[in-house]
Amino acid sequence: MRIGELAAQAGMSRDAIRFYEKVGLVTGRRLPNGYRDFPPETVAWLQYIRTAQALGFSLAEIARTGETLREAPDTAEALSTLFEEKLQVIDTRIAELTTLRADLATRVGTGCPLRAAGLPAEAEVGSDPVPTGVRRPAE
């Protein structure tokens, strides 16, 4: 199928398909007249790419796992495994962001990004506001 028909069936632009082809997510053969020709199963694969992106998977992750999924005897089980791995990544990131949020919250109202709220400047580790190895501006 040519790129225009593929784009219509997959519900995306020709440019998106060309991009996915450029990064190696889809392949089409060139006809003698120069047109791209894609197998019919490319429609389902493009829909999978879009769904995976909506679920938070990067194109690199999709490319990396695509071959595994195509070769898996049980695609549903393979997808479940991928989803579980992605959930672990998300949980880790949520924990990191929660810690970051708490740290930022302690600094609100201090006027200094290096000072946590409620701590006098002298109580901070290395109370010098200019870290070691950083040049002080000329006074």
Side-chain angles (χ1 to χ4, degrees):
M1 120 181 22
R2 293 198 341 217
I3 195 167
E5 183 182 352
L6 178 61
Q9 287 188 26
M12 63 181 59
S13 70
R14 292 175 179 150
D15 286 340
I17 294 169
R18 287 184 190 107
F19 175 75
Y20 292 147
E21 185 178 31
K22 182 179 176 181
V23 298
L25 287 171
V26 296
T27 54
R29 65 183 179 96
R30 289 285 182 164
L31 299 174
N33 61 7
Y35 292 143
R36 291 173 174 87
D37 183 49
F38 296 92
E41 60 270 11
T42 307
V43 174
W45 176 243
L46 288 170
Q47 290 168 341
Y48 168 77
I49 291 170
R50 285 292 168 114
T51 301
Q53 282 184 293
L55 292 172
F57 288 86
S58 68
L59 291 179
E61 289 172 317
I62 295 166
R64 190 172 47 248
T65 60
E67 197 62 39
T68 303
L69 288 175
R70 286 190 201 107
E71 295 174 358
D74 184 351
T75 305
E77 184 178 324
L79 278 171
S80 290
T81 300
L82 288 175
F83 295 159
E84 288 170 359
E85 291 170 1
K86 188 64 171 182
L87 283 170
Q88 289 174 357
V89 170
I90 291 169
D91 289 342
T92 300
R93 185 68 178 136
I94 288 172
E96 291 169 351
L97 289 171
T98 300
T99 300
L100 177 60
R101 186 187 191 292
D103 190 28
L104 286 171
T106 65
R107 297 167 194 280
V108 169
T110 65
C112 177
L114 302 176
R115 185 178 309 138
L119 287 180
E122 306 81 43
E124 295 177 14
V125 176
S127 62
D128 187 355
V130 180
T132 305
V134 175
R135 286 194 219 179
R136 294 177 182 276
E139 294 183 25

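T110 places no side-chain N or O within donor-acceptor distance of the main-chain N or O of T106, the cut-off being under 3.5 Å. No donor-acceptor distance shorter than 3.5 angstrom exists from the side chain of D37 to the backbone of L31, with no hydrogens or angles considered. The main-chain N or O of G66 is never found under 3.5 Å from a side-chain atom of W45 such that the two would form a donor-acceptor pair. In terms of modelled atom types and a separation under 3.5 Å, the side chain of T92 and the main chain of Q88 share a donor-acceptor contact.
Of the N and O atoms on the side chains of Y20 and R50, at least one donor lies less than 3.5 Å from an acceptor on the other residue. Judged purely by distance below 3.5 Å, without hydrogens or angles, the side chains of E5 and Q9 pair a donor atom with an acceptor atom.
Atom CG of L69 sits about 5.0 Å away from atom CG of L82, to the nearest 0.5 Å. Taking NZ from K86 and CD from E61, the interatomic distance works out to 3.5 Å, rounded to the nearest 0.5 Å. In this structure, CZ on R101 lies 8.5 Å from OG1 on T98, to the nearest 0.5 angstrom. The distance from atom CD of E85 to atom OG1 of T65, rounded to the nearest 0.5 Å, is 9.0 Å. For the atom pair I3 CD1 and E21 CD, the distance stands at 6.5 Å (nearest 0.5 Å). Expressed to the nearest 0.5 Å, how far CG of L6 lies from CE of M12 amounts to 8.0 Å.
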Inset, instruction - Assess whether side chain to side chain contact (heavy atoms under 4.5 Å, CB included) is satisfied between T99 and D103, documenting all intermediate values. - result: CA-CA 6 Å; T99 300; D103 190 28; 5.6 Å; no
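Grouping the Ile, Leu, Val, Met, Phe, Trp and Tyr side chains by contacts below 4.5 angstrom, directly or via other members, places L55 with L46.
V26 and I17 make their closest contact through CG2-O, 3.9 Å (heavy atoms, listed as atom of the first residue, atom of the second, distance). For the residue pair F38 and T27, the shortest heavy atom distance occurs at CD2-O, 3.5 Å. When all heavy atoms are compared, the tightest approach of A7 to S13 is CB-C, 4.1 Å.
Side-chain contact between R30 and Y35 is absent, with no heavy atoms from C-beta onward closer than 4.5 Å. The shortest side-chain heavy-atom distance between F57 and F83 falls under the 4.5 Å cut-off. Annotation: side chain of Q47 is in contact with side chain of V43 (closest heavy-atom distance under 4.5 Å). Under the 4.5 Å side-chain criterion, counting only non-hydrogen atoms from C-beta, L25 is not in contact with Y48.
Counting heavy-atom neighbours within 6.0 Å of E96 CD, excluding the residue itself, gives a total above 12.
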